[in-house]
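What follows is a set of notes on a single structure, which appears directly below.
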Amino acid sequence: GQQRGMFSADAAGRATERFGGFEFVPSAIMVRTSGDKTSHLSPLIDNSAKYNDPAPLVYGTGWLKAPVIFARNDGNLTHMVVLLGCGPIQGVIKVVVNDVEIPGVVAGQNMTTTGWYNAVTTGVRQGNFNLDFTDSNGNPLGDPYGSLAVLSVVVPNRISSGRSLPNVEVLLQGVQVDSYDASGTFQGTSYSNNPAWVILDVLQRCGWTAADLNVQSFATAAAYCGALITTTDLNGNSIQVPRYECNLIVTKRQSAATVVRGIRAGSGLMMRYGASGLLELLPETTIAAQQPQLPDGGNSTEPLNGGWPAYEFSDGSAPFSGIVRATNGASTVRLTSRTVAETYNRLSIEFQDESNEYQQDSLSLVDADDSALLGYEVTSQSTALGIANFSQATRVLLRQLDKSTKGNLYVEFQTTFRAQKLRPGDIVALTYLKEGFVRAPFRVVKLSPSTDYSLVTILAQIHDDDW
């Protein structure tokens with residue numbers, strides 16, 4: 001028999017409709033096409049959304065090539081059930097079937113010549129039945145699609161005869177996400193394509209709770225991403241857009257770490273554990289913006305480029321020291337760079353451009369100086385995800401190119417418990433006269449402490465505020 005979640009209500013009258021999956025496939029029926037003298041079995045196409053496939057996950061706004069759960073033709077119209085993804089989503093903007101735009105349903109209007117679409121459920125926990133498929137008593141036959149956003153699409157035979165799977169593309173506003181204010185107070189669940197709230201939602205889907213996260217830092221990062229900047233549209237007109245947005249459509253199974261890393265790359269954000277042990281989200285920006293005051297545990301006596309280094313390390317030529325020598329008396333400072341093959345000077349990216357009706361666009365940038373120096377180009381595809389427009393794509397690619405070419409210098413050295421309050425992402429200052437460094441800013445990439453934190457190996461990358 002059916003499980004409780006397959007019914008609209010249980011024996012006690014409590015609403016259920018929470019089954020989130022696809023079991024129902026309609027049976028073929030005898031139909032007669034308009035103008036035909038004979039009846040025939042209706043064409044039935046079963047489930048392009050294969051069992052055990054991941055449901056799409058849509059953040060922000062974009063075009064989704066939506067999987068068709070099943071389609072059945074009634075002789076004149078093809079009735080389809082289309083999966084939009086995990087919910088709850090904000091809503092549907094446009095539906096295109098086989099390159100023909102389909103209007104939304106209008107109650108009381110005959111739409112058999114144009115077809116129509118109707119949202120069965122937006123993906124709330126308690127789903128809904130598609131009343132296109134009922135028994136003789138009017139009882140629904142299908143699944144309730146709990147927590148899944150599902151669309152009912154009906155098109156005439158001239159658009160899809162039901163004998164082959166139609167190509168259904170949907171422009172939609174994706175899942176609603178949680179947000180918090182600067183004090184850490186929950187503000188509700190609503191539609192947003194702010195990268196900070198998208199990352200928060202991904203983490204929550206992986207089991208993280210608000211108690212595990214520094215939600216105030218997420219709010220600060222959201223304000224940074226949402227700040228309006230001036231750019232130009234495709235026609236050269238001056239417009240204002242948020243600094244960073246995230247329009248991301250996930251259709252294939254991949255790790256949450258890969259998704260979060262891509263969103264961070266596309267929005268200039270970094271993640272780390274804070275002093276309280278909670279995971280925090282911070283903008284990767286200038287030293288003046290990131291460290292405007294002397295950080296706790298810092299030893300600087302004067303600012304650097306408008307900000308304060310988290311700690312100053314020196315070879316002894318400056319008032320500070322902190323670099324441990326090896327047992328043979330040699331310095332532990334080691335400078336490294338990646339190989340030419342690992343140092344790309346041309347980056348490309350594809351994205352759906354919100355300034356061009358979310359059509360697929362691409363951008364490729366090259367570091368001409370580095371290319372001329374090498375005599376050839378080293379190409380790579382950017383790992384950034386969720387890019388919304390050309391302005392964001394340009395800024396992201398330029399930063400990645402600068403860090404790949406101009407930032408291809410790493411320093412590794414050992415220190416003592418002085419690094420106890422340092423964290424990855426902090427900007428430190430290094431004075432090392434042998435290599436010509438005088439208070440050179442480096443961003444900490446990795447900290448490798450030994451037992452009891454008696455020795456700490458620091459790996460840091462050269463930093464420039466212009467990046």
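Just so we're clear, the structure is a prediction, and the values are computed from it rather than from any experiment.
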Under the side-chain contact (heavy atoms from CB on, under 4.5 Å) test, which residues partner Ala210, sequence neighbours left out? Tyr180, Val215
Among all residues two or more places apart in sequence or in another chain, which pass the side-chain contact (heavy atoms from CB on, under 4.5 Å) test with Ser255? Ala257, Thr258
Flag side-chain contact, heavy atom, 4.5 Å: Leu57 against Arg205: yes
Counting C-beta onward and ignoring hydrogens, is there a side-chain heavy-atom pair between Lys94 and Glu101 closer than 4.5 Å? yes
Sidechain N-carboxylate O distance under 4.0 Å for Lys403, Asp464: no
Ring centers of Tyr145, Phe129 separated by less than 6.0 Å: no
Aromatic ring pairing Phe351/Phe390, orientation class (parallel under 30°, perpendicular over 60°, tilted between): perpendicular
Electrostatic pair Asp466:Lys406 at N-O distance under 4.0 angstrom: no
Ser364 versus Arg346, side-chain donor and acceptor atoms under 3.5 Å: yes
Min side-chain heavy-atom separation Trp197-Tyr59 under 4.5 Å: no
Does either side chain, that of Asp367 or that of Asn345, offer a donor lying less than 3.5 Å from an acceptor on the other one? no
Would you sort out whether Asn193 and Asn247 count as a side-chain hydrogen bond (donor to acceptor under 3.5 Å, both in side chains), showing the intermediate values? CA-CA 6 Å; Asn193 66 346; Asn247 296 327; 3.2 Å; yes
Row check, Tyr273 ring normal vs Arg423 NZ/CZ: under 6.0 Å, within 45°: no
Taking the six-membered ring of Tyr410 (Phe, Tyr or Trp), confirm whether the NZ or CZ of Arg338 is under 6.0 Å from its centre and within 45° of its axis. no
Backbone of Leu347 reached by a side-chain donor or acceptor of Gln381 within 3.5 Å: no
Are the side chain of Asp465 and the backbone of Ile287 linked by a donor-acceptor contact shorter than 3.5 Å? yes
